[in-house]
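First the structure, in the form of structure tokens, and then the observations on it.
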Amino acid sequence: MSKCVDCNLYNTCKSNKIDGVGSSNPDIMIVLDHPARVEDNFGRLIQGEIKKKLYYFLKKAGINPADVFFTSAIRCKPINPSDIKAKNINACRKYLLYDIKEVKPKIVIAMGKYAHWALTDKQSVREFRGHFDELSFNYGKKEIKVPIMPSFGVNASLGKWEYDDYIIHDLKKAKKFISQGLPKLKELPKFKTVLNLKDLAEFEETMMSKEVKWSTSDLETTGFKFFKDAPFMHGYCTNNDDIFVIPTLTYKKHHIKKWDKENIERGRVINRFVKEHRLKIMATIRRVNARKDIKWIFHNGKFDVNFARYHKVPYSDLSYDTLLADSLIDENKQHALNICMEYRGLDFGAYDSLNWQYVNKDEDKQKTYQNIPPLICERYLAIDVYGLKEMFPITVKELKADGLYDHFMQVKMKALKLMTGVEYKGVKGDRKLLSEINEILTEKINSLVKEAREYTKIEDFNMGSPQQLNKFFEAKNFPMEKLGIKQTKTGYSTSKEELEKFIKFKKWGVLPKIVIEYKKYTKLAGTYVEGKIGSDEDGGMLKHFDQNDRIHTNFNLWTPRTGRYSSNKPSLQVWPRPVKGLPNIRNIIIPTDENHMLFEADYRAVEQYVVALLSKDPVLTKRLQDGTDIHTYNAVELGKKLSTMPDEITYNMMLSMVKDLEETSLTEEEYLNYQKQAKEIAPDMDWKEKRTQAKTIGFGLNYGKGGHSYSEEFGITEDEAEEMIEAYFSIYKGMKKWRKEVIAEALNEGFITLPSGRRRRFHQATDWINSRYASDDSNESGLIWQANNLRQSIERQASNAPIQGGAHEVFEPAQIRVAKRFQKEGIKARIMLSIHDGIIGECLRTDAEKVSKILSEEMPVTFNKGTKSELTLDIDKDFYKWEWYGETVKI
DNA sequence: CGATCACGC
DNA sequence: ACGGCGTGATCG
């Protein structure tokens, strides 16, 4: 065949226009994105690692590869997949359609973004995967119709095992289609949109009836922040499938103008009704939501509950959350309602994603359902609340099957309710301090920019651009190779760590020093203070302030797969440590007023305790019991084992060198005596550095850090680093044994179990790893090597999960206990932030002593009480005179 | 929109 | 390739 020159790809690939391969009479046609490098080299599709993984997927789905025809949307290998443009897809489409016409598959599976794009013009896979559609086109005079289903690309799954489950799931659906035809979509029962007072009365009467034992609810809002956006549609579905949709906000002209006639009419009906009767509507909703004798079920209820509360139609409870439930059932999947439902056979088609075609992204900055024609939106909301109603009992059953139901109801749901209130109240921010810091930063940044431009003599020099830095380094012949500056895909790394390598040289150090400072300050300005310097819009923290200068962060109870919470918009779990020459940024969080004060309580070395408890390591247990400073102890033990410290040095000697007298249990005389001895034995030793190093080793090992990494960090050889790790584990033999057991469990069972029963699952990864090891590829060592990497990655995740997850499971109930005591004793105190192993809260100054007592009673935990291995986990607590991290007060 | 970088526990 | 879990800003 002649060479294809229809787009730019032909002159950079080895093999021109690679044809499809496979069965001539297939059930299934799989369309991939584009040939990979091996395939380009071979001149044939389905080679190398792609082949291994794809065949593995097919096997898992029960599909025989011999029954499949494989082809690709783009026929010439692109240099870089991200360079692919519409013109490449368009140039190749004719070949793809020809294949479909000739091969006549029963179904086409588009695996990957470009495959899906080429066939449907939809540029995203995520929202459409797993759903069938009809592909129809004319080829010559022939009209061709064939079902099509998109799924993720094999490429995407090569490094990220999280995609595997979706792909296998989708392929199984395709397999089922071959024998049974298209799946029957779930039908939506009749639902009622409330458009007049009669409907409203019917809604209330139904919702208030005795037949209703529980109801789901969902709000469509104009945005994500309850204090500035509003709900415009309220949805309900009772246990008896009574489905109601109630509009509560009028549509604006710019919403309506794009709709069709029918929807414009609907919009006008809604606008008239809402305009005239909004108060009545809200009053009705208020009475319904206030009903206490029924359960309220939500999907991400924190959001709905806070919106409803702010708009004075509060729900009486948040009884059950299917999103939170789903996150316990499979922490690896996304928890969007449509995905949750589709996975459980509650398939309404791609009902969600299809609606977004009505939203013009250029005109409507915000993706809000208020832009979508009301009839479509009403149906969408009805599906959500009805699907949610179906999901509720299913997830209950699933939680029970996994033994997680009690934990879910007793801990997770209570935590969710607590955090819902925490978000609602928010924290008070200090606008004044913010602008003070901003001024200082602006000045610093401007002067650094000036300095850099003078030094480089480049007018628009942007230090924030790695590319520009690279260019400058090259022009000035910076000794990149010689100093071993790390390479990235785009050039030499310009990270702080690499730049620091230049600093000691007079000739090279000037600019890197400026850049490091510049990066630090712009980061602070952009993220935490007022946003990008020179921009008029509120940025940084300021854009999160509400009308009362309160910041309502969003706490996610389901994102981290270990059970921890994360916080975003803004993230208040990532606060910069104090920076020299700058007011402490943490202090932009202040008490509500002068009658209040802030407090902080966090666990002391919680992860160490968890390791001791889970591993039952006797040495670690003993050290924790007798109050040893573990890092100091480790430093001494390691020093001796590795002969980097004189043998005569004792724990107490070192302790006296690294801690203040008050932090030890020594008398002053003992303390000074030990110090004297220490200085005599090792006059030049950097004691604190030794302790820090030991601390790093301990923490790093909990994260699965290896020899290579330590060797770089400490500037030692890899052998020395390995020796150091061995030395550490020779102190804690029990810890080593336990790690091995956890890893074996993860690889054999596909998951590890946390104390609560919660699991961290690795099935998709371990299945793939095992299949790779089982297959006979002794001559393909490269692939085994890949599997080996993945296995090591799973080992690190598995050995860390019990520690991180376990620590969280100590912390989470404690937080609930504290909040409960505040409530029970009627103390006006509340938790404001939850930061992994500690809380930050606020109370009346007059209540400080009571609060202190509660923290001390509710947070510390004693494990294995009355046994030899009894351990008491204690807290550190602080009360702040005014600001967080300001002057503390002893209470 | 992915890669890089910086920050927290 | 080489440290677990995250969020967010910036660049090209």
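In what follows, chains carry the letters A, B, and so on, assigned in the order in which the sequence lines appear, proteins first and then strands, with residues in each chain numbered from 1.
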Spacing of [X] atom [atom1] relative to [N] atom [atom2], expressed in whole Å:
{"X": "A:Asn568", "N": "B:dG8", "atom1": "CG", "atom2": "C1'", "answer": "14 Å"}
{"X": "A:Gln792", "N": "C:dG4", "atom1": "CD", "atom2": "P", "answer": "11 Å"}
{"X": "A:Asn556", "N": "C:dG6", "atom1": "CG", "atom2": "P", "answer": "11 Å"}
{"X": "A:Leu542", "N": "C:dA9", "atom1": "CG", "atom2": "C1'", "answer": "17 Å"}
{"X": "A:Asp83", "N": "C:dG12", "atom1": "CG", "atom2": "P", "answer": "16 Å"}
{"X": "A:Lys113", "N": "B:dG2", "atom1": "NZ", "atom2": "P", "answer": "7 Å"}
{"X": "A:Trp575", "N": "B:dC7", "atom1": "CH2", "atom2": "C1'", "answer": "12 Å"}
{"X": "A:Ile840", "N": "B:dG8", "atom1": "CD1", "atom2": "C1'", "answer": "12 Å"}

Presence of donor-acceptor pair under 3.5 Å, side chain of A:Lys519 and base of B:dA6: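 In this structure, the two groups form no donor-acceptor pair.
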Students often get this wrong, so: under 4.0 angstrom with heavy atoms, is [X] touching a base, only sugar-phosphate, or nothing?
{"X": "A:Ser793", "value": "nothing"}
{"X": "A:Asn702", "value": "nothing"}
{"X": "A:Lys543", "value": "sugar-phosphate"}
{"X": "A:Ser799", "value": "nothing"}
{"X": "A:Gln804", "value": "base"}
{"X": "A:Glu712", "value": "nothing"}
{"X": "A:Arg760", "value": "sugar-phosphate"}
{"X": "A:Arg796", "value": "sugar-phosphate"}

Main chain of A:Ser124, side chain of A:His116: is a donor-acceptor contact present, judged purely on distance under 3.5 Å?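 Yes; at least one donor-acceptor contact below 3.5 Å.
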Polar side-chain atom of A:Lys569 near backbone of A:Lys225 as donor-acceptor pair, under 3.5 Å: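 Judged by distance alone, no pair lies under 3.5 Å.
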From the set [options], return the single nucleotide nearest to any side-chain atom of [X].
{"X": "A:Thr559", "options": "C:dG12, C:dT7, B:dC5", "answer": "C:dT7"}
{"X": "A:Asp837", "options": "C:dG8, B:dC9, B:dC7", "answer": "B:dC9"}
{"X": "A:Asn800", "options": "C:dG4, C:dA1, C:dG8", "answer": "C:dG4"}
{"X": "A:Lys520", "options": "B:dC7, B:dC5, B:dC9", "answer": "B:dC7"}
{"X": "A:Ser465", "options": "C:dC11, C:dA1, C:dT7", "answer": "C:dC11"}
{"X": "A:His836", "options": "C:dG8, B:dC9, C:dC11", "answer": "B:dC9"}
{"X": "A:Val574", "options": "B:dA6, B:dC9, B:dG8", "answer": "B:dG8"}

Candidate pair A:Arg791 and A:Glu795, rule salt bridge (Lys or Arg N to Asp or Glu O under 4.0 Å), full reasoning: CA-CA 6 Å; A:Arg791 183 174 57 79; A:Glu795 286 179 0; 2.4 Å; yes
Mind checking whether [X] and [Y] have ring centres under 6.0 Å apart?
{"X": "A:Tyr492", "Y": "A:Phe473", "value": "no"}
{"X": "A:Phe751", "Y": "A:His763", "value": "yes"}
{"X": "A:Tyr728", "Y": "A:Tyr710", "value": "no"}

For [N] and [X] - does any side-chain N or O of the residue sit under 4.0 Å from the phosphate oxygens OP1/OP2?
{"X": "A:Gln573", "N": "C:dT7", "result": "no"}
{"X": "A:Ser493", "N": "B:dC5", "result": "yes"}
{"X": "A:Ser709", "N": "C:dG3", "result": "yes"}
{"X": "A:Arg564", "N": "C:dT7", "result": "no"}

Using the C1' atom as the point on both nucleotides, what is the distance between B:dC7 and C:dC2, in whole Å?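 Here C:dC2 and B:dC7 have their C1' atoms 22 Å from each other.
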Between C:dG3 and B:dC1 - C1' atom distance, rounded Å: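 Comparing C1' positions in B:dC1 and C:dG3 gives a spacing of 26 Å.
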Does the ring of A:His708 lie flat against the base of C:dC2, closer than 5.5 Å centre to centre with planes under 30°?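 So A:His708 counts as stacking on the base.
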For A:Tyr703 and C:dG4, do the ring centres fall under 5.5 Å apart while the planes stay under 30° apart?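 According to the criterion (under 5.5 Å, under 30°), yes, A:Tyr703 stacks.
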Take A:Lys412 and A:Glu812, measure what salt bridge (Lys or Arg N to Asp or Glu O under 4.0 Å) needs, and give me the verdict at the end. CA-CA 8 Å; A:Lys412 295 312 281 193; A:Glu812 193 174 30; 3.1 Å; yes
